[in-house]
Amino acid sequence: MDRRLPRSFYLRTDVVGIARELLGMVLVTRFDGAHTAGIITETEAYAGVGDRASHAFGGRRTARNAMMYAQGGTAYVYLCYGIHHLFNVVTNVRDVPHAVLVRAVVPVTGLEHMRKRRGTTSTLTTGGPGTLAQALGIRTAHNGMDLRGAEMCIEDHGLAPPDAAIIAGPRVGVEYAEVDARLPYRFRAHIRTPA
DNA sequence: CAGCAGATTGACT
DNA sequence: GTCAATCTGCTGC
């Protein structure tokens, strides 16, 4: 059966609620013949033109962030510090630049592919926004990809954590965003690795 | 056009 | 705890 989240999930206006609901969802990529997937355990919401922490604050629109203005269900991938690829889920309708940054996943499928992509280290780390993108093979070439497609999608496997297991807190690395930096737009959940 | 800081990570002191 | 790696966009000369 098709577990992919429907377009309607991404088109909603409540980006903070979507960030919370993405916890427990399964991020799947099928790049270069490698099927890899991980359970989303940490997200951050970026709430459009009024959010000082967002690349789209004040309606800013550049070659890099253009995909934030695409319709919900589109991937927004950009390079941070010139090194790390960060993966975001675009939400809301076209021209409303809402997005959710996926900050951490628990690997469930294709661990050997992930290890290979991450290099020679023995332990497989996917607990940061840059490392999870690398493990899943996500690169800037995937910017603008449709999350309803075959190569990349988010599925509902019924793993949503109970409310009590979700921790909301301030976002990371956005101190410059002043009052917006303190908004509880970051969500974390401890999810057991399936046996 | 030079300089700087940023939604980061991992190696090293 | 500190620092380098190195791309993008903004500021200021």
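Just so it is clear, the values below take in all heavy atoms, side chains as well, and ignore hydrogens, waters and symmetry mates.
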- Query: Looking at DNA chain C, which of residues 46-54 of chain A put a heavy atom within less than 4.0 Å of it?
  - Reply: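 Residues of residues 46-54 of chain A under 4.0 Å from DNA chain C: none.
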- Task: Could you let me know what C:dC13 is paired to, Watson-Crick or G-U wobble, both distances under 3.5 Å, or none if it's on its own?
- Result: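 Matched C:dC13 with nothing under the 3.5 Å cut-off.
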- Task: Hunt down the Watson-Crick or G-U wobble partner of B:dA5, both distances under 3.5 Å, from any strand shown, or write none.
- Result: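 C:dT8 is the nucleotide pairing with B:dA5.
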Specify the separation, in whole Å, of atom [atom1] of [X] and atom [atom2] of [N].
{"X": "A:His85", "N": "C:dC7", "atom1": "NE2", "atom2": "P", "answer": "10 Å"}
{"X": "A:Tyr78", "N": "C:dG9", "atom1": "OH", "atom2": "C1'", "answer": "13 Å"}
{"X": "A:Leu124", "N": "B:dG10", "atom1": "CG", "atom2": "P", "answer": "11 Å"}
{"X": "A:Arg117", "N": "B:dT9", "atom1": "CZ", "atom2": "P", "answer": "18 Å"}
{"X": "A:Leu86", "N": "B:dT9", "atom1": "CG", "atom2": "P", "answer": "7 Å"}
{"X": "A:Met68", "N": "C:dT8", "atom1": "CE", "atom2": "P", "answer": "17 Å"}
{"X": "A:Phe57", "N": "B:dG6", "atom1": "CZ", "atom2": "C1'", "answer": "16 Å"}
{"X": "A:His84", "N": "B:dT8", "atom1": "NE2", "atom2": "C1'", "answer": "4 Å"}

Given the ring of [Y], does [X] sit roughly above its face, with NZ or CZ under 6.0 Å from the centre of the six-membered ring and within 45° of the axis?
{"X": "A:Arg20", "Y": "A:Tyr185", "result": "no"}
{"X": "A:Arg7", "Y": "A:Phe9", "result": "no"}
{"X": "A:Arg94", "Y": "A:Tyr69", "result": "no"}

- Item | Residues touching DNA chain B, which here means a heavy atom under 4.0 Å, drawn from residues 125-139 of chain A |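 The stretch gives A:Gly128, A:Pro129, A:Gly130, A:Thr131 as the residues lying under 4.0 Å from the strand, ordered by number.
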- Message: Please report the distance separating the P of C:dT6 from the corresponding atom of B:dC1, rounded so that it comes out in whole Å.
- Response: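 Comparing P positions in C:dT6 and B:dC1 gives a spacing of 23 Å.
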- Message: Students often get this wrong, so: under 4.0 angstrom with heavy atoms, is A:Arg171 touching a base, only sugar-phosphate, or nothing?
- Response: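 A:Arg171: no heavy atom of the nucleic acid under 4.0 Å.
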- State whether A:Asp2 and A:Arg4 are salt-bridged, where the test is any N-O pair (Lys NZ or Arg NE/NH1/NH2 against Asp/Glu carboxylate O) under 4.0 Å.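 A salt bridge is present here (some side-chain N lies under 4.0 Å from a carboxylate O).
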- Message: Let's see if you can work this out: which of C:dA5, C:dC10, B:dT8 has an atom nearest to the side-chain heavy atoms of A:Ile83?
- Response: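 Per side-chain heavy atoms of A:Ile83, the pick is C:dA5.
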- Selection from C:dG9, B:dG10, B:dT8 that lies nearest to any side-chain heavy atom of A:Arg118: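 Between C:dG9, B:dG10, B:dT8, the one nearest the side chain of A:Arg118 would be B:dG10.
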[X] side chain to [Y] side chain, donor-acceptor N/O pair below 3.5 angstrom:
{"X": "A:Tyr76", "Y": "A:His55", "answer": "yes"}
{"X": "A:Arg117", "Y": "A:Gln134", "answer": "no"}
{"X": "A:Thr126", "Y": "A:Thr131", "answer": "no"}

- Query: Are A:Phe31 and A:His142 near enough that their ring centres are under 6.0 Å apart?
  - Reply: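 Ring centres of A:His142 and A:Phe31 closer than 6.0 Å.
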- Co-membership, hydrophobic cluster, residues A:Val172 and A:Val89, 4.5 Å side-chain: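 They do not share one cluster, since no chain of ILVMFWY contacts under 4.5 Å joins A:Val172 to A:Val89.
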